[in-house]
Protein chains: 2
Amino acid sequence: MAYEQLKLDNQLCFRLYTAARLTMGAYHPYLDPLGITYPQYLVMLVLWEHEKQTVMDISHRLQLDTNTVTPLLQRMEKAGLIKRTKGKEDARQRIVTLTDKGLAMQEQAKHIPECLSAEILNHIGSIEELTKMIPTLDKLIEGLKQTNNEH
Amino acid sequence: MAYEQLKLDNQLCFRLYTAARLTMGAYHPYLDPLGITYPQYLVMLVLWEHEKQTVMDISHRLQLDTNTVTPLLQRMEKAGLIKRTKGKEDARQRIVTLTDKGLAMQEQAKHIPECLSAEILNHIGSIEELTKMIPTLDKLIEGLKQTNNEH
DNA sequence: ATAAAATATATCGTTTGCGATATAATTTTA
DNA sequence: TAAAATTATATCGCAAACGATATATTTTAT
C-alpha cells in the first residue's frame, strides 16, 4: 500500500456512510411495526411539523430531489398515509397532506427518538459526545450543499 | 406540532443521513472520470490495501452484507477492475484480486482524498473540527453494530 | 398576445442496500 | 461415514438515490 491517504481507516466519509447506514438499521425495530421505512419516517416528521406542503417543500427540507421524493410519496399514498392533491393557485404543484391514519401515527411514533437515544446510550458512554457533533455536521452539510451546487 | 423530540432539526440521525449522501455527491467529480461509483471506490480502497481478499473480507471491512457486495463485485468485474476466482482450499470462497487496470487506477485516485479535503475546507473553517468527529463516529458505529446484531 | 424561458412534478434506467431465500461446499455430530 | 448443521456466496424482490429526460403549467420577454 503506497498511499497513506487512501487507507479506509483515514476516511471521514466512509465513517459517515457507515454510521448513516447502521443508524437506519437501528430504526428498523421501531419502524417495522408502523410499516414505514426510514425515508418515509423522515417525510412523516416533515408533515407532522407542517400539514399541507408541496413536493418542493418536502424535497428541500430533506435535501432530496423530486425524482426521489415523488416515488416515495406515491408509495406513501398507496399505503394510505398521505393524500396528494393538485394545487389550486398553481396547478403544477402537488399539495401533500396527511390522512387520518398518517396523523394518528404520530402518537405511535412519539417515543421513537428517545428509544433510539436509549439504545445507543447502552453502547456508548455519553449522549453529549454525540450531540457535540451536531454543529459540525450542520457546517459540513451546508458546505457540501454549496460544493455540490458548483459542479 | 405537539412533540418536540419529533422535530427534524433535533435529529442527529437525519444529519448523518444527509451528510453521508452529500459527501457521496462531492465525490462525483472525481469518480466519474474513473468510471466508478462511491461504493466501488470503497472496494478499490480495500483492495489497494490488500490484494487477494475474499468476499467476506471485503464485506466485513465495509460493513456491508454479501447480498450488496456480490452484485457490486460482479459489476466491477464486468468493468474490468477486478477478477473473481474460486478459492482453492475452500471452494465456497471467492478470491477477489485486482486486474492491471484496477491496480493502475490507484495512481489516478491518489489525489482524491486531498481534493475532497480541500473542497470541504473551502466552505468550512477548519479540518480539525471534522477530524474531531472521528472518534465519536467510531464509537457510534461500534455501538450500532452491537445494537443491530441484537435485533 | 405569442413564443421562449423557467418552474414543479413525474418518469425512466441504473446502482445500492437489504431482508429473505437458495445453493454449494465444509464441518460437526450422531 | 452419513445426516445435520454451518459457512460462503449468490439470487430475488423491493425501496431508495440520483442522473437524465419528459410533461405540464406559469412566467417572462418580445
Side-chain angles (χ1 to χ4, degrees), chain A residues 14 17-29 31-32 35-43 53-60 62-79 81-82 84-96 144 148-149 151, chain B residues 14 17-29 31-32 35-43 53-60 62-79 81-82 84-96 144 148-149 151:
Chain A
F14 173 58
Y17 164 82
T18 303
R21 277 190 313 104
L22 295 181
T23 300
M24 285 174 57
Y27 273 91
H28 253 115
L31 297 182
D32 282 354
I36 58 175
T37 63
Y38 183 70
Q40 290 173 10
Y41 172 66
L42 292 179
V43 173
Q53 297 200 56
T54 65
V55 175
M56 268 241 106
D57 291 336
I58 296 170
S59 83
H60 275 145
L62 300 183
Q63 295 295 320
L64 289 164
D65 215 337
T66 57
N67 55 3
T68 297
V69 172
T70 293
L72 194 54
L73 293 175
Q74 287 169 341
R75 284 185 288 269
M76 293 176 74
E77 185 173 44
K78 203 151 78 174
L81 296 169
I82 61 165
R84 301 184 313 139
T85 53
K86 273 243 156 72
K88 278 167 187 168
E89 323 90 60
D90 189 334
R92 289 171 301 181
Q93 293 185 330
R94 284 280 202 165
I95 311 298
V96 181
L144 287 169
N148 290 352
N149 279 342
H151 299 291
Chain B
F14 173 58
Y17 164 82
T18 304
R21 276 189 315 103
L22 296 182
T23 300
M24 284 174 60
Y27 273 90
H28 253 115
L31 297 182
D32 282 354
I36 58 175
T37 64
Y38 183 70
Q40 290 173 8
Y41 172 66
L42 292 180
V43 172
Q53 298 200 56
T54 65
V55 174
M56 268 241 107
D57 291 336
I58 295 169
S59 83
H60 275 144
L62 300 183
Q63 295 296 321
L64 289 164
D65 215 339
T66 57
N67 54 4
T68 298
V69 173
T70 294
L72 192 56
L73 293 175
Q74 287 169 341
R75 285 185 288 269
M76 293 175 76
E77 185 174 43
K78 203 151 78 174
L81 295 170
I82 61 166
R84 302 185 312 139
T85 53
K86 272 240 155 74
K88 277 167 189 171
E89 323 91 58
D90 189 335
R92 289 170 304 183
Q93 294 183 330
R94 284 279 202 166
I95 311 299
V96 180
L144 288 169
N148 290 352
N149 280 341
H151 298 293

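Labels below follow one simple rule: chain letters A, B, ... track the order of the sequence lines, proteins then strands, and each chain is numbered from 1.
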Protein-nucleotide distance (B:Tyr41, atom OH; C:dT16, atom P), rounded to Å: 15 Å

Presence of B:Gln40 side-chain N/O under 4.0 Å of C:dT16 phosphate oxygens OP1/OP2: yes

B:Tyr17 side chain near D:dA16 phosphate (N/O to OP1/OP2, under 4.0 Å): no

Under 4.0 angstrom between B:Gln63 side-chain N/O and C:dG17 OP1 or OP2: no

Separation of atom OH in A:Tyr38 from atom P in C:dG19, rounded to whole Å: 16 Å

Least distance between heavy atoms, A:Val55 atom then A:Val69 atom: CG1-CG1, 4.1 Å

Minimum heavy-atom distance between A:Arg21 and B:Gln63, given as atom pair plus value: NH2-O, 2.9 Å

Spacing of A:Met24 atom CE relative to D:dA15 atom P, expressed in whole Å: 13 Å

Separation of atom CE in B:Met56 from atom P in C:dT26, rounded to whole Å: 16 Å

Distance test, side-chain N/O of A:Thr37 to OP1/OP2 of D:dA16, below 4.0 Å: yes

Phosphate contact (D:dA8 OP1 or OP2) by B:Arg94 side-chain N/O below 4.0 Å: no

B:Arg92 vs D:dA10: side-chain N/O to OP1/OP2 distance below 4.0 Å: no

N or O in side chain of B:Thr68 less than 4.0 angstrom from C:dG17 OP1/OP2: no

B:Asp65 CG to C:dT16 C1', straight-line distance once rounded to whole Å: 13 Å

Least distance between heavy atoms, B:Ile95 atom then B:Gly87 atom: CG1-CA, 3.8 Å

For the student: nearest non-hydrogen atoms of B:Asn148 and A:Leu22, plus distance: ND2-O, 3.1 Å

Under-4.0 Å side-chain N/O to phosphate OP1/OP2 contact, B:Arg84 with D:dA10: yes

Any B:Arg75 side-chain nitrogen or oxygen under 4.0 Å from OP1 or OP2 of C:dT15: no

Residue whose nearest DNA chain C nucleotide is more 5′ - A:Leu22 or B:Lys88: A:Leu22

Whole-Å distance separating the CG atom of B:Leu64 from the P atom of C:dT15: 17 Å

B:Thr66 side chain near D:dT9 phosphate (N/O to OP1/OP2, under 4.0 Å): no

Between D:dA17 (C1') and A:Arg21 (CZ): distance, integer Å: 15 Å

First encountered from the 5' end of DNA chain C, between A:Pro71 and A:Gly25: A:Pro71

Nucleotide C:dT27, atom P - distance to CD of B:Gln93 in whole Å: 10 Å

Candidate pair A:Thr68 and A:Asp65, rule side chain to side chain donor-acceptor pair (under 3.5 Å), full reasoning: CA-CA 6 Å; A:Thr68 297; A:Asp65 215 337; over 6 Å; no

Side-chain-base donor-acceptor pair under 3.5 Å for A:Asn67 and D:dG19: yes

Close side-chain approach of B:Arg94 and B:Thr70, heavy atoms under 4.5 Å: no

